[in-house]
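Scope of the values below: all heavy atoms of this structure, side chains included, with no hydrogens, waters or symmetry mates. Predicted model, so just to flag it, every value in this text is computed and none were measured.
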Amino acid sequence: MKANVKLSIKLFLLMFLMVTTSVYPQVHSDFNKSKTILNQVIVEGSPQQVWKVLKAYGTVSNFNATIDESYMLDQSTGEAKLGAEREIHIPNGINNIINKERIVAYVDGVYYTYDVYETENFPTKQMEVTYGVRRNGSGQTVLFSRMEYEMNNYLNTRMFKGKLKKSNFDSLLSFKNYIETGEMNTDLKELRKRYSETESEDEDTADFAIRVEPTD
């Protein structure tokens, strides 16, 4: 009897926490229960070079190893601009995470923010991601990202923070590597080894990312 009760509890918890294969349309509130992730990397290149790569919104899977597929959902050229929509497929074990994303804020040459308005195979409730470029106080080019997200329940919101932060930083490393070397879709394990000393966040960049984020 006790064994059956324990098994029932385990099954309940598994069903509660598991990542389902459903489509989660995003319900946008005021992000009161959200978590924020901040990452940055120094890039050997000019802000213009970094922006040119960031602007390749629809073809990001051509060179960024964190994304298997990417294509535009609208009739635009594939460059980042306000309102541009794309679909991306992110490797995640058996089933890829499929996101539909729309740019909701855009400052040419500085940053853009996209809203993940629908996702499949991952329990996202709402998510906005910013990518941008600037120079730091030492004159170095900084590629930064800010992610604000909420999962479908409180436990998942906390549990997935580490996974999301790592994935977001891997994305920055892929951008960095492509800008600096021209290599496309370099294996992530190789990138982590190659850039093992690269910092993922500093207060200066974090403050800047918060200041440029347009979401109220």
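One N or O on the side chain of S145 and one on the backbone of T130 form a donor-acceptor pair closer than 3.5 Å. The closest donor-acceptor contact from the side chain of S70 to the backbone of G58 lies under 3.5 Å. Using modelled atom types, no side-chain atom of Y178 and backbone atom of N62 make a donor-acceptor pair closer than 3.5 Å. No donor-acceptor distance shorter than 3.5 angstrom exists from the side chain of N121 to the backbone of I98, with no hydrogens or angles considered. D74 contributes a side-chain N or O that, together with a main-chain N or O of E85, makes up a donor-acceptor pair within less than 3.5 Å. Between the side chain of K176 and the backbone N or O of S171, no donor-acceptor pair lies under 3.5 Å. D68 places no side-chain N or O within donor-acceptor distance of the main-chain N or O of S61, the cut-off being under 3.5 Å. For Y71 (side chain) and E87 (main-chain N/O), no donor-acceptor pair under 3.5 Å exists by modelled atom type.
The 12-atom threshold is exceeded at NZ of K55, counting heavy atoms of other residues, nucleotides or ligands nearer than 6.0 Å. No more than 12 heavy atoms of other residues, nucleotides or ligands shown are found within 6.0 angstrom of CZ on R158.
The distance from atom CZ of F169 to atom CD of Q40, rounded to the nearest 0.5 Å, is 7.5 Å. From R192, atom CZ reaches atom CG of D170 across 4.0 Å, with rounding to the nearest 0.5 Å. Atom-to-atom distance recorded for I88:CD1 and Y114:OH is 5.5 Å, nearest 0.5 angstrom. In this structure, L191 CG and T186 OG1 are separated by 5.0 Å, a value rounded to the nearest 0.5 Å. Note that CD of E148 and NZ of K35 are 11.5 Å apart. Values are rounded to the nearest 0.5 Å. Between atom CD1 of residue I42 and atom OG of residue S138 there is a gap of 8.0 Å, rounded to the nearest 0.5 Å.
Using a cut-off of 4.0 Å between Lys/Arg side-chain N and Asp/Glu carboxylate O, E180 and R194 are scored as not salt-bridged.
Checked by atom type, the side-chain pair T113/E128 shows no donor-acceptor distance below 3.5 Å. Side-chain polar atoms of Y57 and S76 form no donor-acceptor pair below 3.5 angstrom.
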(message) Apply side-chain contact (heavy atoms from CB on, under 4.5 Å) to residues V41 and F175 and explain how you reach the verdict.
(response) CA-CA 10 Å; V41 292; F175 278 124; over 6 Å; no

(request) Please test M151 against F122 for side-chain contact (heavy atoms from CB on, under 4.5 Å), starting from the C-alpha separation and ending with a verdict. (result) CA-CA 9 Å; M151 295 291 105; F122 204 67; 3.9 Å; yes

(request) Would you check, one step at a time, whether the test side-chain contact (heavy atoms from CB on, under 4.5 Å) holds for F63 with N177? (result) CA-CA 9 Å; F63 52 84; N177 187 67; over 6 Å; no

(request) Decide yes or no on side-chain contact (heavy atoms from CB on, under 4.5 Å) for R146 and T36, but give the supporting numbers first. (result) CA-CA 7 Å; R146 179 180 190 269; T36 300; 4.0 Å; yes

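Contact of the L54 side chain with the L143 side chain is registered, since non-hydrogen atoms from C-beta on lie closer than 4.5 Å. Using a 4.5 Å heavy-atom cutoff, the side chains of K161 and I37 are in contact. Within the 4.5 Å cutoff, no side-chain heavy atoms of H89 are placed close to those of I67.
Across all their heavy atoms, L73 and Y117 have their closest contact at CD1-OH, 3.5 Å. When every heavy atom of M72 is checked against every heavy atom of G78, the shortest pair comes out as CG-CA, 3.6 Å. Between F160 and P123, the shortest heavy-atom distance links the atoms CE1-CG, 3.9 Å. Nearest approach of N96 to P91, heavy atoms of both residues: OD1-CA, 3.4 Å. Taking all atoms of both residues into account, the shortest heavy-atom contact from W51 to D108 is NE1-OD1, 3.2 Å. Across all non-hydrogen atoms, the minimal contact from P47 to T141 is CD-OG1, 3.5 Å.
For the pairing with R86, the salt bridge (Lys or Arg N to Asp or Glu O under 4.0 Å) check across E79, E101, E69, E118 returns one residue only, E101.
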